[in-house]
Amino acid sequence: MKILIVGGVAGGATAAARIRRLSESAEIIVFEKSGYVSYANCGLPYYIGDVITDKKELTLQTPEGFKNRFNVDVRVNSEVVSIDKEYKTVEVKNLRTGQTYTETYDKLILSPGARPAVPKLSGVDIDRVFTLRTVEDTFKIKEFVDREKPRTAVLAGGGFISLEMAENLIEMGVEVTIVQRPKQVFPLLDEDMVSMVHGLLKKHGAKLRLQSTVTGFEKDGESLNTLIENDAPVKSDMVILAIGVTPDSKLAKDAGLELGLKGSIAVNDRMETSEKDIYAVGDAIQVKHFVTGEDAVISLAGPANKQGRIAADNVCGGDSRYLGSQGSSVIKLFDMTVATTGINEKTAKAMNLDYDYVVLSPNSHAGYYPGAKAMTMKVIYEKSTLKILGAQIIGSEGVDKRIDVLATAIHAGVNAVQLKDLDLAYAPPYSSAKDPVNMAGFMIENISTGKVKQFRYDEVQELCQRDDVTLLDTRTKKEVSGGSIEGFRNIPVDRLRDRLQELPKDKPVYVICQSGVRSYLACRMLTEHGFDAYNFTGGYRFYKAVNDERMSSEASYSCGMDRR
């Protein structure tokens, strides 16, 4: 059996290695358009920033290594330009010599990946405008940075690559401006959660030009101007286009294969395309979202590797199935870790799901053990079924393992309340006896059983303007002196029992504390004494992070912060 694979990196290289493990007799040829068959795509920004200093570390496998270990014929700088489905052949162009030739196949796996989205703007061909997708792109940017020593850079876009490049350039002393058409960076996060990312970027000197549309680029001496619609241009020494990626499906389209969302290649759960004996994997394909069941394009290395393995199994006569992608991801930004899985609140709202969520601010490990740091978790679930829809976590230590537990829970069908029952490892340096994931389950159980009612950030402004409610801050006087929400009266939780008579029973009581724990205790106390009590989800720490960011970009709120 002769198997041709178009594209290496995650999906194609994985498929090739898996096929060889399943069949010693198969003839396997991999065609890779770039000069590198398997490289650490996600590590490219860190080479530019000198975090990874040896360019060889970016190469996970070489053509020679593939040949020696797997007996796979890897042909780099080779572009497959057409597919003849009827005769089961492909035409290949040697990009070094310009010559073309034909190869036959019994099975064909397409792993062309995605290409950077480059809008049709004036000036995109200026030599100081870069994209970052391949190793060659990386070396080009690295050589420019080392040679020209740029002092300023514009990053067009606010996704993974843009944010990682922002961190690396800032650490090198480059002044960075992020220009983004939406009103936030990192679209996987909800607006409330992303406020912490905005704050961190600004803290490190990044300038954010949000809700700004790039219309083109023009030279300005040794610099260039990024032109902004209805706004002043941004001058810089270099520009990196990181607007996003587009499935590289031209080869499949020209061959008449069925396409899907955003021009991606349509496949079934066996990774089979609409044409017999042709499979497709990786960033170029359409998948089912594991949580929603809807069609999606999710460009991540983990899914691409799994898809490559599944395609290989089926090429070799197996029956492996891809269950879908849920978009689990994590990114490092300076001393912050940002992680997500499943869908966010924006998506749940757009799908008209009957959802709810909790926000909590637990420590990364036991508070009495030195070095504990707070994280912010948002867990979204469906009210009627308690199905976990998604989660977002921002913090430093321990974020990655909590998002992985939640991602596993989603995949395994654990419901939101059952999070409380997970038996997770505990030792003071690593966790608390009640792990943050368990705490999310406790909170959701309390809400779903009616033991506590909650209110959220976006309700505070309206509540502050009402006279038929009682607003209560249960933190200590010292905490309140460092900042509070105007209109909230202060009664520390430890004094509340003795001062219940100060609160009118005919008004609902909305309670806040620093993290949500003491206000929950206060709500239970108030409820037991006949009050109608509501707990603020996330606590004052979360409120302040969101409000500070919004106030820095918007005019003012009628219910403002008391910044004593």
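Residue numbers count from 1 along this sequence.
- Contact check on Arg402 versus Asp435 returns a salt bridge, with a Lys/Arg side-chain nitrogen under 4.0 Å from an Asp/Glu carboxylate oxygen.
- With a 4.5 Å cut-off on side-chain heavy atoms, Thr474 and Pro492 do not count as touching.
- When the side chain to side chain contact (heavy atoms under 4.5 Å, CB included) test is applied to Asp295, the partners found at least two apart in sequence or on another chain are Gln286, Lys288.
- Side-chain contact annotation: Glu382 with Thr385, donor-acceptor N/O pair under 3.5 Å present.
- Between Thr341 and Ser328, the side chains place a donor N or O and an acceptor N or O closer than 3.5 Å (distance only, hydrogens not considered).
- We find that Asp532 and Lys453 are joined by a salt bridge, their nearest charged nitrogen and carboxylate oxygen being less than 4.0 Å apart.
- Side chain to side chain, Thr337 and Ser396 fail the donor-acceptor criterion of an N or O pair below 3.5 Å.
- When all heavy atoms are compared, the tightest approach of Ser431 to Ala425 is CB-O, 3.8 Å.
- A side-chain N or O of Tyr457 and one of Asn547 form a donor-acceptor pair less than 3.5 Å apart.
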Start with the C-alpha gap between Gln392 and Asn344, add the side-chain angles, then the distance that decides, and say whether side-chain hydrogen bond (donor to acceptor under 3.5 Å, both in side chains) holds. CA-CA 8 Å; Gln392 302 160 49; Asn344 55 25; 5.8 Å; no

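- Between Asp237 and Lys149, no side-chain nitrogen of the basic residue sits less than 4.0 Å from a carboxylate oxygen of the acidic one, so the salt-bridge criterion is not met.
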Tell me, with the steps shown, if Ser236 and Leu224 meet side-chain contact (heavy atoms from CB on, under 4.5 Å). CA-CA 6 Å; Ser236 66; Leu224 71 162; 4.2 Å; yes

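- In this structure, Arg497 places its CZ atom where only 12 or fewer heavy-atom neighbours from other residues, nucleotides or ligands lie under 6.0 Å away.
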Check the pair Tyr520 / Val452 against side-chain contact (heavy atoms from CB on, under 4.5 Å), numbers first and verdict last. CA-CA 8 Å; Tyr520 160 65; Val452 69; 4.2 Å; yes

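- Classification of Arg475 and Asp473 as a salt-bridged pair holds, one side-chain N sitting under 4.0 Å from a carboxylate O.
- Looking at residues two or more places apart in sequence or on another chain, you find a side chain to side chain contact (heavy atoms under 4.5 Å, CB included) between Leu121 and Pro119, Val124, Val214, Phe217.
- Note that CE of Met193 and CE of Met196 are 4.5 Å apart. Values are rounded to the nearest 0.5 Å.
- For Asp231 and Arg209, the salt-bridge test passes: some basic side-chain N is under 4.0 Å from an acidic carboxylate O.
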Which pairs of donor and acceptor atoms, one on a side chain in residues 167-177, lie under 3.5 Å apart (sequence neighbours left out)?
residue: Glu167; atom: OE2; partner: Lys332; partner atom: NZ; Å: 2.3
residue: Glu167; atom: OE2; partner: Phe334; partner atom: N; Å: 3.1
residue: Asn168; atom: ND2; partner: Glu164; partner atom: O; Å: 2.8
residue: Glu175; atom: OE2; partner: Lys207; partner atom: NZ; Å: 3.1

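- Counting non-hydrogen atoms of other residues, nucleotides and ligands closer than 6.0 Å to CZ of Phe455 gives a total above 12.
- Counting all heavy atoms, side chain and backbone alike, Ala433 lies closest to Asn438 at O-OD1, 4.5 Å.
- Side-chain atoms of Ser264 and Lys262 include no donor-acceptor pair closer than 3.5 Å.
- With salt bridges taken as basic N to acidic carboxylate O contacts below 4.0 Å, one links Arg133 and Asp283.
- The environment of NZ in Lys434 is sparse: at most 12 heavy-atom neighbours from other residues, nucleotides or ligands sit within 6.0 Å.
- Summarising the local packing, CZ of Arg495 is surrounded by 12 or fewer heavy atoms from other residues, nucleotides or ligands at distances under 6.0 Å.
- Under a 4.0 Å N-O distance rule, the pair Glu191/Lys346 does not qualify as a salt bridge.
- By the side chain to side chain contact (heavy atoms under 4.5 Å, CB included) test, Ser364 pairs with Lys373, Met375, Glu397, sequence neighbours left out.
- Remark: Tyr355 engages no residue in a ring pair (Phe, Tyr, Trp, His ring centres under 6.0 Å) (not counting sequence neighbours).
- The side-chain tip of Arg456 does not point at the ring of Tyr543 from less than 6.0 angstrom away and within 45° of straight on.
- Closest approach of Ala391 and Leu406 over heavy atoms only: CB-CD1, 3.7 Å.
- Under a cutoff of 6.0 Å and an axis angle of 45°, Lys142 and Tyr47 form a cation-pi pair.
- In the model, Asn535 has no side-chain atom that pairs as donor or acceptor with a side-chain atom of Tyr510 under 3.5 Å.
- A salt bridge links Lys378 with Glu345: at least one charged nitrogen is closer than 4.0 Å to a carboxylate oxygen.
- Once rounded to the nearest 0.5 Å, the distance linking OH of Tyr381 with CG of Asp354 reads 10.0 Å.
- Looking only at side-chain heavy atoms (C-beta outward), Phe488 and Val480 stay at 4.5 Å or farther from each other.
- Residue pairs satisfying the side chain to side chain donor-acceptor pair (under 3.5 Å) criterion with at least one member in residues 411-430, sequence neighbours excluded, are listed as follows: Tyr368-Tyr426.
- Residue Gly483 comes nearest to Tyr540 through the heavy atom pair C-OH, 3.0 Å, listed as atom of the first residue, atom of the second, then distance.
- When the shell of 6.0 Å around CZ of Arg181 is examined, it contains 12 or fewer heavy atoms from other residues, nucleotides or ligands.
- Each of Ile141, Asp137, Ile240, Asp146 was evaluated against Ile48; a single residue qualifies, Ile141, per the side chain to side chain contact (heavy atoms under 4.5 Å, CB included) test.
- Atoms CZ and CG, on Phe160 and Leu300 in that order, are 6.0 Å from each other to the nearest 0.5 Å.
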Would you check, one step at a time, whether the test side-chain contact (heavy atoms from CB on, under 4.5 Å) holds for Val437 with Val379? CA-CA 9 Å; Val437 174; Val379 180; over 6 Å; no

